[in-house]
Amino acid sequence: MQLNSRLLECFHATMSVGTVTGAAEVLNTSQPAVSRSLRQLEDAVKMTLFNRSGNRVVPTQEALLLYEEVDKSFRSIRRISRAAEEIRNLQQGRIHIACAPAYSQGFLVSAVKAFNESRPDVQTVVTTRQTPTIAELVASRQCDIGLAAYAIEPEGTVHQPFTDAPEICMLPEGHPLCRKAEIAPQDLEQERFVALGQNDAYTQRLNGVLEALGVVPATTIEVHNSIMAAEAVAQGVGLAIINPFSALSFKHRPVVFRKFTTSLPFKSTLLRSKFQPASALVEAFEASLFETRNNYLREIEQLTKT
């Protein structure tokens, strides 16, 4: 007789409840069937596991030692069953997202916090990269989701627009332009200005608008990304034209938000690998990203009106 799961199940039940009759009740089977399985198990392991006296069975020392190992196995199976249930209910797992710096400050923290309120055991790994690297990480399946700046359609990915939101003007609290309800490009003339690098596509777009109008801001600092730009504004270095997601992360700092009269949409793209179907957990996290995006846009709309 070969060892199999049914024999171990009868052995585990008998050892757990202490009697063959009790094991039969637990397993919803007959007492003779359990007794037969116990004898077959002894044949399989080539050991006497029980001393028998009428209807009573008394486990031998060998049975006690074997039970320790069998019980470990059954506990492992129960853990696997619980894990499968948690995974099925989106309660367990790991998500890796690569994002542009604009989303790395408050936005993704807000999205993860909202997501984890009902899924506290899900781990999220956030990697901040520039857009070309994000596309590579997603296409090569090194991360589950990419949140890239710009409207892009990289090969090897499934892509969808994530944002097309107007950039806003972010000013230090107390700045004279805070008295205006909206900021026009002409208002930037000779104002202390925080600029992104000249190779940045959004900088080039803004520069084109200003040059066409003959407006020349007084650039005081040029920084690498929008989070650094927002920090510079918060410290009073100057004002900036910036995407709303970076800006809103600084809402508790001494800053003021105003609409910019010229339409300069901040576009971004949500990416997934073309070669790996999204799990239900990833799809749920994407839903959290979109919900957080909507909340951010509603809040920035209110703040630019005050």
Side-chain angles (χ1 to χ4, degrees), residues 99-107 128 130-131 147-152 161-269 293 295-306:
C99 71
Y103 293 108
S104 65
Q105 187 84 354
F107 177 81
T128 304
Q130 298 301 320
T131 290
L147 196 49
Y150 315 119
I152 59 172
F162 186 70
T163 59
D164 188 5
E167 292 198 321
I168 63 171
C169 184
M170 182 176 178
L171 306 106
E173 197 172 69
H175 192 284
L177 289 178
C178 292
R179 292 192 293 267
K180 294 177 67 70
E182 297 180 337
I183 305 300
Q186 293 86 341
D187 294 323
L188 304 185
E189 177 66 31
Q190 291 304 305
E191 289 291 344
R192 292 171 59 83
F193 189 70
V194 179
L196 289 171
Q198 294 304 306
N199 291 328
D200 181 83
Y202 293 117
T203 296
Q204 294 171 0
R205 182 184 58 180
L206 175 62
N207 287 345
V209 172
L210 298 179
E211 289 170 5
L213 296 171
V215 175
V216 182
T219 299
T220 57
I221 184 173
E222 183 178 303
V223 296
H224 179 64
N225 60 54
S226 56
I227 295 299
M228 295 176 66
E231 179 62 37
V233 175
Q235 294 197 32
V237 175
L239 60 85
I241 306 301
I242 192 171
N243 76 78
F245 299 93
S246 296
L248 195 58
S249 298
F250 289 77
K251 65 182 179 180
H252 299 301
R253 303 287 293 278
V255 297
V256 172
F257 305 122
R258 291 290 182 266
K259 289 185 178 180
F260 193 57
T261 58
T262 297
S263 176
L264 298 175
F266 173 71
K267 296 178 181 290
S268 62
T269 307
R293 176 204 64 184
N295 292 338
Y296 261 60
L297 293 178
R298 280 192 293 267
E299 186 170 4
I300 203 69
E301 177 70 19
Q302 291 299 317
L303 288 173
T304 54
K305 289 179 179 178
T306 58

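Numbering starts at 1 and runs along the sequence shown.
- Judged by distance alone, with hydrogens and angles left aside, the side-chain atoms of Thr269 form a donor-acceptor pair with the main-chain N or O of Ile152 at under 3.5 Å.
- With 3.5 Å as the limit, one finds no donor-acceptor pair spanning the side chains of Tyr202 and Ser226.
- Residues meeting the side-chain contact (heavy atoms from CB on, under 4.5 Å) test with Arg293, sequence neighbours left out: Phe107, Phe162, Thr163, Phe245, Phe290, Leu297.
- Put simply, the side chain of Gln186 reaches to within 4.5 Å of the side chain of Leu213, judged on heavy atoms.
- Side-chain N or O atoms of Thr220 include one that pairs as donor or acceptor with a backbone N or O of Phe193 at under 3.5 Å.
- Under a 3.5 Å cut-off, the side chain of Glu173 and the backbone N or O of Val255 do not form any donor-acceptor pair.
- Residues Cys169 and Leu239 approach most closely at SG-CD1, 4.3 Å, considering heavy atoms.
- In terms of heavy atoms, Ala100 sits closest to Ala149 at CB-N, 3.8 Å.
- With hydrogens and angles disregarded, no donor-acceptor distance shorter than 3.5 Å links the side chain of Arg253 to the backbone of Val233.
- The two residues Ala229 and Ile242 come nearest to each other via the heavy atoms CB-CD1, 4.3 Å.
- A donor-acceptor pair is defined here as one N or O able to donate and one able to accept, closer than 3.5 Å; such a pair exists between the side chain of Ser246 and the backbone of Ala102.
- A heavy-atom distance below 4.5 Å is found between the side chains of Leu188 and Ile183.
- Residues satisfying the side-chain contact (heavy atoms from CB on, under 4.5 Å) test with Glu301, not counting sequence neighbours, are Lys259, Lys305.
- At least one side-chain heavy atom of Pro101 sits under 4.5 Å from a side-chain heavy atom of Gln130.
- Across all non-hydrogen atoms, the minimal contact from Asp164 to Pro265 is OD1-CB, 3.0 Å.
- The only option from Glu167, Lys267, Met170 that meets the side chain to side chain contact (heavy atoms under 4.5 Å, CB included) definition with Asn243 turns out to be Glu167.
- Proximity of a side-chain donor or acceptor of Arg258 to a complementary backbone N or O of Lys180 within less than 3.5 Å is detected.
- Checking side-chain atoms of Glu191 against main-chain N and O of Ala218 turns up no donor-acceptor pair under 3.5 Å.
- The backbone N or O of Gln204 sits nowhere less than 3.5 Å from a side-chain atom of Gln198 that would complete a donor-acceptor pair.
- For Lys251, the side-chain contact (heavy atoms from CB on, under 4.5 Å) partners at least two apart in sequence or on another chain are Leu248, Phe257, Glu299, Leu303.
- What you find for Thr262 and Pro185 is that their closest heavy atoms are OG1-CG, 3.0 Å.
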